[in-house]
Amino acid sequence: MDLQLKDGWIEVISGSMYAGKTEELLRRLRRIQYAKKTYLVFKPKIDQRYSIEEIVSHNNSKQKSIIIQHASEIEPYVKEAHPYAVAIDEVQFFDRDIIDVCERLADQGIRVIVAGLDRDFRGEPFGVMPDLLCRAEYVTKLNAICQVCGAPATRTQRIIDGKPAHYTDPIILVGAKEQYEARCRHCHIVPGKNDNH
Ligand code: TMP
Ligand code: MG
Ligand code: ZN
């Protein structure tokens with residue numbers, strides 16, 4: 001039997017906004033650099049909040065990245081570069097093909113590190129995240145701090161014109177401090193959800 005350990009697995013970093021997901025992704029990439037291994041970083045075109053070519057955490061750490069629109073654009077880059085790791089930030093915005101792409105890369109021996117929101121502003125599972133969380137070998141859930149009560153925050157509150165966004169509002173709205181706050185379960189308000197407001 002071959003007892004040599006093989007590389008190739010999926011790591012998911014998830015949690016609410018301001019939990020430090022991108023920070024954690026960048027920390028893992030720094031460690032890969034220290035080990036003199038190579039990586040490619042991707043992010044979806046939809047997110048151009050702070051920069052077009054870099055992934056940027058809320059506290060302004062940065063990393064050059066390849067901007068793509070569809071999951072199918074990842075594998076050609078990987079075939080060309082043969083990286084040790086592939087990192088994807090804001091993975092919640094990708095189409096469902098991202099699931100098979102991550103699986104195939106991991107099967108080929110690549111360390112796949114993805115970061116994304118586990119819930120949307122309504123507190124519901126975000127797009128492909130439930131599938132990725134289920135398929136990952138390693139899952140890290142990070143908390144932020146509730147901006148109302150100071151408890152650990154697991155949710156993201158969307159605020160439009162000073163009021164909580166309604167359950168039926170569109171799911172995708174790129175933004176940061178102007179529209180979104182970190183909140184705990186008890187301080188998170190979604191008018192129209194379960195008719196509780
Ligand atoms: P972050 O996780 O790096 O803070 O970024 C999350 C991005 O997702 C940010 O651009 C806002 C966006 N977003 C949505 O489009 N819909 C949502 O329901 C939430 C909570 C965030
Ligand atoms: Mg981020
Ligand atoms: Zn709270």
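The model shown is predicted, which means the values in this text are computed figures rather than measured ones. In each ligand, atom 1 is the first atom listed, and ligand 1 is the first ligand listed. The analysis underlying the following values was restricted to heavy atoms, covering all of them including side chains, and did not include hydrogens, waters or symmetry mates.
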Quiz item: Of the backbone atoms (N, CA, C, O) and the side-chain heavy atoms from C-beta on, which set of Ile171 has a member under 4.0 Å from an atom of ligand 1: side chain, backbone, both, or neither?
Solution: backbone

Self-check item: Atoms of ligand 1, numbered as shown, that sit under 4.0 Å from any heavy atom of Ile172
Solution: 15 (O)

Exercise. To the nearest 0.5 angstrom, please state how far the NZ atom of Lys193 sits from the OG1 atom of Thr168.
Key: 13.5 Å

Exercise. Determine, step by step, whether Glu24 and Lys21 satisfy the salt bridge (charged side-chain N to carboxylate O under 4.0 Å, His left out) criterion, reporting the C-alpha distance in whole Å, the side-chain angles of both residues, the deciding distance to 0.1 Å, and the verdict.
Key: CA-CA 5 Å; Glu24 176 59 20; Lys21 299 183 300 298; over 6 Å; no

Quiz prompt | Residue Arg185 excluded, over 12 heavy atoms near CZ under 6.0 Å | solution = no

Quiz item: For the atom pair CD (Glu73) and CZ (Phe42), what is the distance rounded to the nearest 0.5 Å?
Solution: 9.0 Å

Quiz item: Just wondering, is there an N, O or S atom on Met17 that's nearer than 2.8 Å to the Mg ion (ligand 2)?
Solution: no

Self-check item: Asp89 and Thr22: side chain donor to acceptor below 3.5 Å
Solution: yes

Self-check item: Distance filter under 4.0 Å to Lys21 heavy atoms, resulting ligand 1 atoms
Solution: 1 (P), 2 (O)

Quiz item: Does any N or O atom in Leu117 lie less than 3.5 angstrom from one in ligand 1, N or O only?
Solution: no

Exercise. Check each of Tyr18, Phe121, Phe93 against atom 20 (C) of ligand 1 and report the one with the nearest heavy atom.
Key: Phe121

Exercise. Could you tell me whether ligand 1 has any atom less than 4.0 Å away from a heavy atom of Gln179?
Key: no

Quiz item: Between Ile189 and Gln157, is any pair of side-chain heavy atoms under 4.5 Å apart?
Solution: yes

Exercise. Could you tell me the separation between the NZ atom of Lys64 and the NZ atom of Lys43, rounded to the nearest 0.5 Å?
Key: 11.0 Å

Quiz item: Near Glu80 CD, under 6.0 Å, is it more than 12 heavy atoms from other residues, nucleotides or ligands?
Solution: no

Self-check item: Thr156, portion touching ligand 1 at heavy-atom distance under 4.0 Å
Solution: side chain

Quiz item: Does NZ or CZ of Lys177 fall inside the cone over Tyr18's six-membered ring, less than 6.0 Å from its centre and within 45° of the axis?
Solution: yes

Exercise. Check each atom of ligand 1 against the heavy atoms of Tyr180 and keep those under 4.0 Å away; list them by number with element.
Key: 11 (C), 13 (N), 14 (C), 15 (O), 16 (N), 17 (C), 19 (C), 20 (C), 21 (C)

Exercise. Output the distance between atom CD1 (Ile113) and atom CH2 (Trp9), rounded to the nearest 0.5 Å.
Key: 9.0 Å

Quiz item: In the shown structure, where waters are left out, how many protein N, O or S atoms lie under 2.8 Å from the Zn ion (ligand 3)?
Solution: 4

Quiz prompt | Part of Arg158 with heavy atoms under 4.0 Å of ligand 1, whether side chain, backbone, both or neither | solution = side chain

Quiz item: What part of Asp120 sits under 4.0 Å from ligand 1 if we count only heavy atoms: the side chain, the backbone, both or neither?
Solution: both

Exercise. State, without any angle test, whether Arg28 and Thr140 hold a side-chain donor-acceptor pair at a distance under 3.5 Å.
Key: yes

Self-check item: Numbered atoms of ligand 1 (with element) below 4.0 Å of Val174, judged on heavy atoms
Solution: 10 (O)

Practice problem: Below 4.0 angstrom from a heavy atom of Gln92, which ligand 1 atoms are there? Numbered from 1 as shown, please. | Solution: 8 (O)

Quiz prompt | Min side-chain heavy-atom separation Thr154-Pro152 under 4.5 Å | solution = no

Quiz prompt | Student check: side-chain heavy atoms of His166 and Pro191 closer than 4.5 Å | solution = yes

Exercise. Just jot down the ligand 1 atoms closer than 4.0 angstrom to any heavy atom of Gly175, in number order.
Key: 9 (C), 10 (O), 11 (C)

